[in-house]
Amino acid sequence: MNAAFDLVIRNARVATASDCFESDIGIRDGVIQQLGRQLAGGAREIDALGRVVTPGGVDAHCHLDQPMAPPVRMADDFDTGTRAAACGGTTTVIPFAAQVKGQSLRAAVDDYHLRAQGKSHLDHAFHLIVSDPTPDVLARELPALIREGYTSFKIYMTYDDLKLNDGQILDVLEVARRHDAMAMIHAENADCIAWLTRRLEAAGRTAPRFHAHARPMLVEREATHRAIALAELIDVPILVVHVSGREAVEQIRWARSQGLKVFAETCPQYLFLTAEDLGIDDSYKGARCVCSPPPRDKQNQQVIWDGLADGLFTVFSSDHAPFRYDGTEGKKPGGEEVPFQHIPNGIPGIETRLPLLYSEGVLGGRITLQRFVELTATNPAKAYGLHPRKGTIAIGSDADLVIWDEGERTVRNTELHHAVDYTPYEGMGLRAWPGTTLAGGEVVWDGRNFHPRQGKGRYLQRGRPSLLPQAPRSATP
Ligand code: DUC
Ligand code: ZN
Ligand code: ZN
């Protein structure tokens, strides 16, 4: 006799963003078909008695195989990046198709599809990065791509090769408003950073730790305030990415108090690292934790925890930006120890994102299990037009699930699955790790081994972000 389901997970403590309940989960054709007690049999069964089952994570900010200026190259492509993601409980990734100045957006997207094709173990979608908002991009390319399901894009207020000026930001925000896209903003003041960098360089202060001196909280605060003001002028929601500490948080709280739709994202590095991880002396080892904005201090870590607990933050992402420490393509471009402003920005974290937050957030008593699910799966799926297919445990949703193992575990890079030669969290003691990850109803991680499904990860055409105000909306003021 044929089994009723391909797989049944029995006796799960199912956690969603709003509930926690005991249930079996019946899965057929990669989709959740039934929830309830004593479901009919499955061709395969997993007993999850006493264990928490959450939706697979949606990592809505990670960088995989993003083209870099030679000799720098990202260590993870769609194979190793999604392998590591799966072993850390993430089942959907949204990296970036980045436009290079002078390139059409369409060319950037086509190139990025080729990079993912046949390689991804997980379902994936792409945000756009708009670095060259020409009249054609604004009038034709960007609206067309949004209509095709690229319903979010990132813009930068810093980095010479990516940054937009205020007028350009207004132009792209107007497109976001007109076409219902989510605009993600990297908020740091480019001119302040350049000025501080010149001064530090002239004083011979070029070690990795001076990266944090060149990007104090003030430059993030100013740019966050300006981003909010520009969005208010256009009357469009924005999402401020990788918020690092108190000063940017205060700007976002103020915006919310004014009734403005300002969403915010933060990342593990702002909870678990400080500027001291960039070095307390001039050692080059600190290059491993160079990322932007830089990690701050213990007090600021607490501000970020508070924002996670009280609803200030909408999304918790990794901002995985994978560069090797040794070799010629990563933190030492061409094999050289370079001044801080030439160190590739970014740290790995796609596999550790969920275990860190579950362990220190949920089991550490800082956030509820519901909030964990909301921040890591449900809200990112909503913000980027993937909900309810992704980000929840419900009938009709994809069977992307994590069964958690609670127990002591030490983070060791040798046990991670990315292609980076270090983790910033080496030696950290955690209290939980994904025991099983299911993607589309298939076990991709069993707590010991990764089970490849290369090329089976599907490209996801996305809908309208469901966190945005309901359409239709009036014309731009
Ligand atoms: N900062 C970014 O803006 N992107 C990638 C990594 C980083 O540190
Ligand atoms: Zn950024
Ligand atoms: Zn990033």
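Just so you know, ligand 1 is whichever comes first in the structure, and atom 1 is the first atom listed for that ligand.
Closest to atom 2 (C) of ligand 1, if we only count protein heavy atoms, is Tyr159 OH, 3.6 Å. Looking only at heavy atoms of the protein, atom 5 (C) of ligand 1 is closest to His63 NE2, 3.5 Å. Protein heavy atom closest to atom 1 (N) of ligand 1, with residue, atom name and distance, is Ser292 O, 3.0 Å.
Remark: aromatic rings of Phe153 and His127 are distant, center separation not under 6.0 Å.
Residue contacts with ligand 1, taken as heavy atom pairs separated by less than 4.0 Å, do not involve Val290 at all.
A salt bridge between Arg209 and Glu276 is absent, with no side-chain N of the basic residue lying under 4.0 Å from a carboxylate O of the acidic one. With respect to Arg115 and Asp79, no salt bridge is recorded, no charged nitrogen being found less than 4.0 Å from a carboxylate O.
Residue His186 has at least one N or O atom closer than 3.5 Å to an N or O atom of ligand 1.
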Next item on the list: List the steps and the verdict of ring-ring contact (aromatic ring centres under 6.0 Å, His included) for Tyr284 and Phe340.
Entry: CA-CA 9 Å; Tyr284 198 74; Phe340 70 82; over 10 Å; no
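A cation-pi contact, defined as under 6.0 Å to the ring centre and within 45° of the axis, links Lys332 to Tyr325.
Protein-derived N/O/S atoms nearer than 2.8 Å to the Zn ion (ligand 3) total 3, waters excluded.
In the model, Glu222 has no side-chain atom that pairs as donor or acceptor with a side-chain atom of His225 under 3.5 Å.
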